[in-house]
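The model shown is predicted, which means the values in this text are computed figures rather than measured ones. Lettering of chains follows the sequences in order, A, B, ..., and the numbering in each one begins at 1.
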Protein chains: 2
Amino acid sequence: MLSLNASLPMILNRALDGVMPAYRQLFAQYDLTEQQWRILRALWEVEDLRAAELAEQTLLPKPSLVGILDRLEARGLVERRRSNKDRRAVSIASTAKGRTLAKEVLPQAQAIHDFIRAVLPEEDWDALEHALNTLADRMKATTFAEIAAE
Amino acid sequence: MLSLNASLPMILNRALDGVMPAYRQLFAQYDLTEQQWRILRALWEVEDLRAAELAEQTLLPKPSLVGILDRLEARGLVERRRSNKDRRAVSIASTAKGRTLAKEVLPQAQAIHDFIRAVLPEEDWDALEHALNTLADRMKATTFAEIAAE
DNA sequence: TATTAATTATTAATATGTTAATAAAATTGC
DNA sequence: GCAATTTTATTAACATATTAATAATTAATA
């Protein structure tokens, strides 16, 4: 029978547990959480994004986005503007201060990324990326009901 | 330059986002969260585990463990006992009720696992597992300071 | 066009993650 | 054998995740 630590979620979480501390130590130096960084990073070179787009690109749940943006806005790192064409929508943009911060953090995040990439040969990364992406795609189109019905 | 969605954390999180909903739908039918299930699963065929061991096997942070165990204990699914040899330590065991529940959920979790495994060929899984495990191992022995010093 | 349905962001309630601090018990070194 | 250190679990404070519900607005349709 399947053992707990061999399940895919556990394998993925173990990998994240291995990798994230390095990033967190970097972000902590700038009083940023991982999620806050994702948002700054996503707004790095785009004019602005609507909340739904931002949630999708950062993989952050929309309800979480609200509080995270509140805190970033309070620090003057991002700006929320009500859209005029669709007054339900909110567009989020980085401030100059936010871009300055991103500019400082980016190369260090890149350094961590490069370090990680060097741990495995290129072809391993290609295989891993391909496997995980196709997996995510297939699963997105699948529900538990379909699995149970097999 | 590195794009946000190509970073390893994002790739891993996307994969998790693809896979977890299927599991969550199953667990929700039994009023269990993912983390609560991990604990029941870990105690499925062991007599008991100390809190530190349980945290390690489930990948749950020790502070989170406290509340999760509180709720499981309140439902009569697990039991906390103070160790006599070391009165600091607490040993956690599944109750009969907990094992009955695990017995019912396990085959369905296994079905999801099997479904996922079928999405990719065996050799892809071997490669993926190998890559992620060695990566986690290497990173566990690495700190941000060492990376930044390069 | 008035009504209904769908969409967008938000709020609410509860559970968990992250980091630092603490209390109690056990170990260690002197 | 005692003071200092270490270990084990827990608490505290804050940030985020998950799911369901809601308010405001827009789109659809009869």
Quiz item: For DNA chain D, which nucleotides open and close the run of contacts to chain A, 5' to 3', at under 4.0 angstrom from a non-hydrogen atom?
Solution: D:dA15 to D:dT26
Quiz item: Listed in order of residue number, which residues of residues 50-59 of chain B have a non-hydrogen atom at under 4.0 Å from DNA chain C?
Solution: none
Quiz item: Does any residue of residues 66-92 of chain B have a heavy atom under 4.0 Å from DNA chain C, and if so, which ones, in number order?
Solution: B:Ile68, B:Arg71, B:Lys85, B:Asp86, B:Arg87, B:Arg88
Would you be so kind as to tabulate the donor-acceptor pairs closer than 3.5 Å made by side chains of residues 11-21 of chain B, with sequence neighbours excluded?
| unit_1 | atom_1 | unit_2 | atom_2 | d |
| --- | --- | --- | --- | --- |
| B:Asn13 | ND2 | B:Pro9 | O | 3.0 |
| B:Arg14 | NH2 | B:Asn5 | O | 2.5 |

Residues that [X] engages under side chain to side chain contact (heavy atoms under 4.5 Å, CB included), provided they are two or more places apart:
{"X": "B:Pro121", "result": "B:Glu123, B:Asp124"}
{"X": "B:Ala93", "result": "B:Asp48, B:Arg81"}
{"X": "A:Asp137", "result": "A:Lys140"}
{"X": "A:Gln35", "result": "A:Thr33, A:Leu60, A:Ile68"}

Practice problem: Take atom CG of A:Asp17 and atom C1' of C:dT16, then tell me their distance rounded to the nearest Å. | Solution: 14 Å
Practice problem: Using atom CG of A:Leu65 as one end and atom P of C:dT8 as the other, report the distance to the nearest whole Å. | Solution: 14 Å
Self-check item: DNA chain C: 5'-proximal contact among A:Met20 and A:Lys62 (nearest heavy atom)
Solution: A:Lys62
Quiz item: So which nucleotide does C:dA12 pair with, by the Watson-Crick or G-U wobble rule with both distances under 3.5 Å?
Solution: D:dT19
I'd like to know if the side chain of [X] reaches the main chain of [Y], judged simply by a donor and an acceptor atom lying under 3.5 Å from each other, with no hydrogens or angles considered.
{"X": "A:Ser91", "Y": "A:Arg50", "result": "no"}
{"X": "B:Thr142", "Y": "B:Arg138", "result": "yes"}
{"X": "B:Ser94", "Y": "B:Trp44", "result": "no"}

Quiz item: Does any residue of residues 26-37 of chain A have a heavy atom under 4.0 Å from DNA chain D, and if so, which ones, in number order?
Solution: A:Thr33, A:Gln35, A:Gln36
Please list all pairs passing the salt bridge (charged side-chain N to carboxylate O under 4.0 Å, His left out) test where one or both residues lie in [range], with sequence neighbours left out.
{"range": "residues 110-119 of chain A", "result": "A:Arg117-A:Glu122, A:Arg117-A:Glu129"}
{"range": "residues 31-46 of chain B", "result": "B:Glu34-B:Arg38"}
{"range": "residues 96-113 of chain A", "result": "none"}

Practice problem: Would you check if there is a donor-acceptor pair between the side chains of A:Tyr30 and A:Gln108 at a distance under 3.5 Å? | Solution: yes
Exercise. Indicate if B:Trp37 and B:Val46 have the same hydrophobic cluster label, given that clusters are the connected sets of ILVMFWY residues with side-chain heavy-atom separations under 4.5 angstrom.
Key: yes
